[in-house]
Protein chains: 2
Amino acid sequence: MEQLPNMRLTTQRQIILEELSKVTSHPTANEVYDMVRRRLPRIGLGTVYRNLELMADVGVILKLEVGGTQKRFDATVEPHYHVRCSSCGKVDDIDIAVQEQINQVAEKASNYKILGHHIEFSGICSDCMGKNQETDIN
Amino acid sequence: MEQLPNMRLTTQRQIILEELSKVTSHPTANEVYDMVRRRLPRIGLGTVYRNLELMADVGVILKLEVGGTQKRFDATVEPHYHVRCSSCGKVDDIDIAVQEQINQVAEKASNYKILGHHIEFSGICSDCMGKNQETDIN
DNA sequence: TAGGTATTGATAAACGTTATTAAACAGCAT
DNA sequence: ATGCTGTTTAATAACGTTTATCAATACCTA
């Protein structure tokens with residue numbers, strides 16, 4: 001899983017990281033693929049998956065396993081929380097203080113060795129708010 | 001998505017709900033399928049998926065979209081938090097107070113209409129703690 | 001009992017992700 | 001430069017989970 005030695009900084013890896021860093025959204029592997037493909041039309045989807053996974057393992061990027069079916073990736077590795085729009089599925093950062101102390105609370109309340117936590121809010125983004133004013137929401 | 005009228009309480013639905021209610025784990029659809037199949041050997045996997053989805057829509061059960069590849073289901077619908085073992089993937093409840101006030105904090109810090117939140121802790125369960133004492137952890 | 005709707009089981013299809021593989025490539029020592 | 005060695009790639013196949021399709025069946029109402 002972790003191999004720092006002999007890990008090359010290839011053009012593909014560089015551009016994947018660059019493109020991911022450009023956006024504040026939290027793109028899926030497929031979305032990253034689309035972004036990267038504009039600059040490297042011959043890149044394979046497998047390469048994108050492989051390297052996103054690799055970078056997440058090494059800790060250069062963050063792999064989010066949030067609601068919805070796809071994994072999402074984030075160039076910001078500092079701990080922070082997320083909101084997911086229940087309507088369109090988009091994920092944004094939420095800039096509120098990280099509750100580090102609840103890890104200890106959770107550890108006391110369980111017999112797990114707690115390593116960390118993540119908070120995912122669910123809501124309706126302003127875009128969908130406008131569109132689906134009176135429409136069904138889910 | 002939501003159809004309360006003309007929704008029949010079939011044997012299949014009854015047993016799916018019964019079996020899910022029996023366990024405190026948070027089984028995947030496949031695990032529910034296995035449990036139910038012991039009592040209804042001819043039930044189809046599709047039926048299990050369809051009805052778990054349906055019950056979650058109606059609100060009888062909870063669909064958890066936690067880390068890992070599969071969705072998990074929970075007969076306890078009252079809001080509560082979860083821990084996921086990073087080693088074996090199992091999900092348990094964490095019995096700590098639900099932080100309802102952070103929804104408002106989050107709403108102020110974003111332009112989402114916040115509907116709710118979920119906290120997922122990650123850690124190592126006692127089982128894996130024993131086994132992989134000095135082993136790699138992921 | 002007959003007619004209409006809801007539901008089922010079986011199967012196929014869709015979707016996201018991971019594994020496989022031959023070819024291309026980078027670095028290094030001759 | 002040339003060849004050696006290991007890494008990475010693109011393409012493709014395989015995989016696991018979930019959803020859709022559909023004919024057959026079960027249930028409800030009259």
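Side chains included, hydrogens not; waters and symmetry mates left out as well; all remaining heavy atoms used. Each chain gets a letter, A, B and so on, in the order the sequences are listed, and its residues count up from 1.
- Interatomic distance, B/S86 OG to A/L115 CG, rounded to the nearest 0.5 Å: 5.0 Å.
- To the nearest 0.5 Å, the span separating OG1 on B/T47 from CG on B/L52 amounts to 10.5 Å.
- Atom CG of B/N51 is separated from atom C1' of D/dT18 by 15 Å (rounded to the nearest Å).
- Note: CD1 (A/I16) to P (D/dT9) measures 7 Å, nearest angstrom.
- Between A/R13 atom CZ and C/dC25 atom P the separation is 16 Å, expressed in whole Å.
- For the pair B/K90 and B/D127, the salt-bridge criterion is met [side-chain N within less than 4.0 Å of a carboxylate O].
- Summarising the local packing, CD of A/E100 is surrounded by 12 or fewer heavy atoms from other residues, nucleotides or ligands at distances under 6.0 Å.
- Cluster note: B/Y112 groups with A/Y81, A/V83, A/I94, A/I96, A/V98, A/I102, A/V105, A/Y112, A/I114, A/I119, A/F121, B/Y81, B/V83, B/I94, B/I96, B/V98, B/I102, B/V105, B/I114, B/I119, B/F121 through ILVMFWY side-chain heavy atoms spaced under 4.5 Å, whether in direct contact or through intervening members.
- Applying the ring-ring contact (aromatic ring centres under 6.0 Å, His included) definition to pairs two or more places apart or across chains, none involves residues 38-72 of chain A.
- Only B/R42, B/I43, B/G44, B/T47, listed by number, bring a heavy atom of residues 22-48 of chain B to less than 4.0 angstrom from any atom of DNA chain C.
- Base engagement by B/R50 is indicated by at least one non-hydrogen atom pair under 4.0 Å involving a base atom.
- Shown here is B/K63, whose NZ atom has more than 12 heavy atoms of other residues, nucleotides or ligands within 6.0 Å.
- Summarising the geometry, the separation between CG on B/D57 and P on D/dT19 is reported as 10 Å, rounded to the nearest angstrom.
- Residues that satisfy the side-chain hydrogen bond (donor to acceptor under 3.5 Å, both in side chains) test with B/N103, not counting sequence neighbours, are B/H117.
- Near DNA chain D, defined here as any heavy-atom distance below 4.0 Å, the residues from residues 63-71 of chain B are B/Q70, B/K71, listed numerically.
- Atoms CD (B/Q12) and C1' (D/dT25) sit 11 Å apart, rounded to a whole Å.
- Where B/Y49 and B/T10 meet DNA chain D, the nucleotide closest to each residue was compared, and B/Y49 sits on the side nearer the 5' end.
- Screening residues 16-28 of chain B for side chain to side chain donor-acceptor pair (under 3.5 Å) gives B/E18-B/R39, B/E19-B/K22, B/E19-B/R39, B/H26-B/D74, B/H26-B/H82, B/H26-B/D93 as the qualifying pairs, with residues at least two apart or on separate chains.
- Atom CE in B/M7 sits roughly 14 Å away from atom C1' in C/dT8 (whole-Å rounding).
- Of the side-chain N and O atoms in B/R8, none sit less than 4.0 angstrom from OP1 or OP2 of C/dT5.
- Between the CD1 atom of B/I15 and the C1' atom of C/dG9 there is a distance of 15 Å, given to the nearest Å.
- In this entry the distance linking CG of A/L52 with P of D/dT9 reads 12 Å, nearest Å.
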